[in-house]
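Here's the structure, in structure tokens; my notes come after.
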Amino acid sequence: MKKLSIGLGAALLLLVAVVLVRTALYAAPPQPQLPKETQDRVADTGREGRQPSRHLSQAIRFQTVSAQLGKAQTRQQYEQFIDWLAATYPQVHSALPPERLGKTPGQEYTLLFTWPGKNRELKPVLLSAHYDVVPVIPGTESEWEHPPYSGDIDATHIWGRGALDDKSAAIGLMEAATRLLAEGFQPERTVYISLTHDEEIGGENGALAVVEKLKRDGVQLAWSLDEGSFLLDGFIPGIEQPVASINVAEKGYLTVDLIAHGKGGHSSMPPRETAVDILAGALVKLQKHPLPGGLEGLGADMFDAVAPHMPFGQRALFANRWLFGGLIDSALEDSPSTAAMLHTTVAPTMLSASIKENVLPIRAVATVNFRVHPRDSVDGIVEHLQTVIDDERVAIERHRHQPASRVSSSESAAFHTLAETARHTHGQAIVAPGLTIAGTDSRHYETVADDSYRFNPMVVTKQDISGFHGTNERISIDNMVKATRFYRQLINRGASQ
Ligand SMILES: [Zn+2]
């Protein structure tokens with residue numbers, strides 16, 4: 001007995017030692033000190049800051065709501081925005097005259113600027129932003145601290161629809177190009193800049209028109225950069241610095257209807273199981289058997305970049321995933337935003353059955369929306385549904401679907417350039433590869449690009465994110481300065497390597 005307890009004690013000590021050593025080895029190396037000049041410029045929001053903010057404020061006043069493109073009034077706003085861009089950025093328009101693209105005749109509202117490179121042997125790159133916006137939900141206007149299309153600027157922020165998503169990136173790109181042109185810069189490789197007009201309704205007319213044009217011209221891009229994440233400040237407990245999540249993939253999309261049939265009749269004489277009962281059974285099974293997932297692949301890469309910066313206790317967990325993997329997975333599953341990183345999500349969203357309270361349903365339908373993780377295929381998810389529901393009385397009808405994107409490289413020269421540029425413009429940011437859980441124009445671009453990256457060079461807090469497609473959308477003046485600087489450095493470096 002004594003021998004056994006000594007043995008156990010020794011094993012426990014060894015275990016603790018292994019955990020401690022692994023945790024120590026997992027610590028982040030000290031980040032290199034930035035040159036003094038960069039630090040000063042990072043802190044400064046003086047004169048350089050005013051122009052991008054003023055221009056963003058003006059851009060917000062055009063109500064370029066793509067969901068309302070059917071209205072003549074909205075199309076007029078688009079035309080006026082395009083005229084305003086030409087008047088505001090005359091150097092860019094005269095040096096790189098944009099091509100107007102759009103698949104719907106009469107709606108050629110996407111602008112593609114081509115900046116020819118010195119070396120035509122090198123593959124070009126594409127920088128993109130969309131200038132269409134989502135509508136303001138009717139009835140919420142009075143909740144905005146500043147009216148949604150005012151473009152008001154206060155001491156720290158520019159307010160209004162599109163401030164974050166995604167007019168700020170469009171303006172940042174135009175400001176950066178203006179400054180580089182003024183210096184007589186010409187990139188080594190060709191740089192395309194696209195400002196698209198219908199991302200919020202699928203990008204089928206804008207980004208897709210850009211892709212078709214590039215295909216016609218026989219262009220294969222080295223990489224593309226578009227929206228899809230930010231520098232996230234205060235999102236991960238225990239992490240002090242903002243995390244630049246440079247997203248290398250985006251989730252796909254699938255909607256299915258689950259349909260159960262019944263004989264109908266009077267509700268006073270129901271059968272043992274109605275169509276609603278059968279359907280409810282299927283939904284419960286689905287809820288109990290989610291798509292498998294966990295911290296591996298892209299999710300693991302992301303945490304490997306971030307976790308070494310965590311305080312000791314948390315770091316010990318991530319450094320010893322062989323021991324604490326289950327604990328970590330269940331903690332991540334507790335929060336909807338981290339759970340979405342780990343697997344395909346399942347969300348029943350719509351239900352319909354009988355037309356009247358006392359009539360038994362002849363058809364009960366549940367609409368279920370899935371966001372497809374790169375590890376899963378659309379066919380695989382439908383198979384999972386069939387296996388889990390295992391009831392031939394429930395039909396599965398597949399509707400809109402789109403596979404997850406490819407996973408782009410986080411080892412490429414382009415990724416390193418993006419990471420380094422983010423650190424240069426934002427000081428001590430942690431850079432991590434990530435996954436965009438919604439859809440962006442990049443799903444079109446990836447068909448003509450070796451790698452596609454999704455990242456906007458602005459720091460956002462949780463409060464800022466609540467304005468994204470929501471109320472009180474805003475961006476800080478400081479972010480506009482840094483975003484302009486980021487794009488300028490990126491074009492300078494990324495397009496010269
Ligand atoms: Zn967007």
Side-chain angles (χ1 to χ4, degrees), residues 56 59-60 62-69 74 77-78 81 85 102 109-112 126-137 148-149 151 158-174 193-211 224-232 244-253 337 340 371 402 404-405 418 434-446 452-462 464-476 479-480 483 486-487:
L56 175 61
I60 287 170
F62 298 93
Q63 301 191 19
T64 47
V65 181
S66 46
Q68 293 162 6
L69 265 167
T74 303
Q77 291 283 301
Y78 269 80
F81 175 78
L85 261 185
Y109 299 139
T110 283
L111 302 178
L112 182 67
L126 170 72
L127 305 172
S128 185
H130 68 88
Y131 70 84
D132 62 317
V133 295
V134 293
V136 172
I137 300 168
Y149 296 104
I158 307 109
W159 296 74
R161 180 57 89 224
L164 262 183
D165 182 20
D166 182 32
K167 280 179 170 163
S168 43
I171 296 303
L173 284 167
M174 288 292 105
I193 299 175
S194 68
L195 303 185
T196 64
H197 77 275
D198 70 335
E199 189 279 337
E200 297 292 2
I201 53 168
E204 305 290 330
N205 288 304
L208 198 53
V210 170
V211 165
S224 64
L225 176 70
D226 190 24
E227 66 172 349
S229 189
F230 295 94
L231 289 113
L232 306 169
S245 180
I246 299 177
N247 290 2
V248 292
E250 73 188 51
K251 282 186 141 183
Y253 192 98
S337 61
R371 297 304 172 105
Q402 162 88 39
S405 74
L418 287 166
L435 170 68
T436 298
I437 55 175
T440 72
D441 276 342
S442 285
R443 72 177 173 281
H444 300 298
Y445 295 143
E446 76 164 5
S452 290
Y453 299 106
R454 300 155 184 84
F455 174 65
N456 276 7
M458 298 99 177
V459 179
V460 296
T461 60
K462 280 189 175 161
D464 294 329
I465 283 289
S466 70
F468 199 92
H469 288 207
T471 300
N472 286 320
E473 187 173 347
R474 61 174 199 175
I475 192 168
S476 72
N479 265 323
M480 285 310 293
F486 173 92
Y487 288 123

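When a ligand or atom number is given, it counts from 1 through the structure's own listing order.
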| note | Taken in chain and number order and not counting sequence neighbours, the residues that satisfy salt bridge (charged side-chain N to carboxylate O under 4.0 Å, His left out) with Glu199 are none
| task | Quick one: give me the number of protein N/O/S atoms under 2.8 Å from the Zn ion (ligand 1). | result | 4
| said: Using the side-chain contact (heavy atoms from CB on, under 4.5 Å) criterion, which residues pair with Leu208? Sequence neighbours excluded. | reply: Lys103, Glu204, Glu212, His444
| Cationic tip of Lys167 above Phe81 ring, under 6.0 Å, 45° of axis | yes
| With a 4.5 Å limit on heavy-atom distance, are the side chains of Phe486 and Leu418 in contact? | yes
| query | Is the backbone of Gln63 close enough, under 3.5 Å, to the side chain of Gln77 for a donor and an acceptor to pair up by distance? | reply | yes
| Looking at residues at least two apart in the chain, or sitting in another chain, which of them share a side-chain contact (heavy atoms from CB on, under 4.5 Å) with Ser405? | Ala249, Glu250, Glu446, Arg454
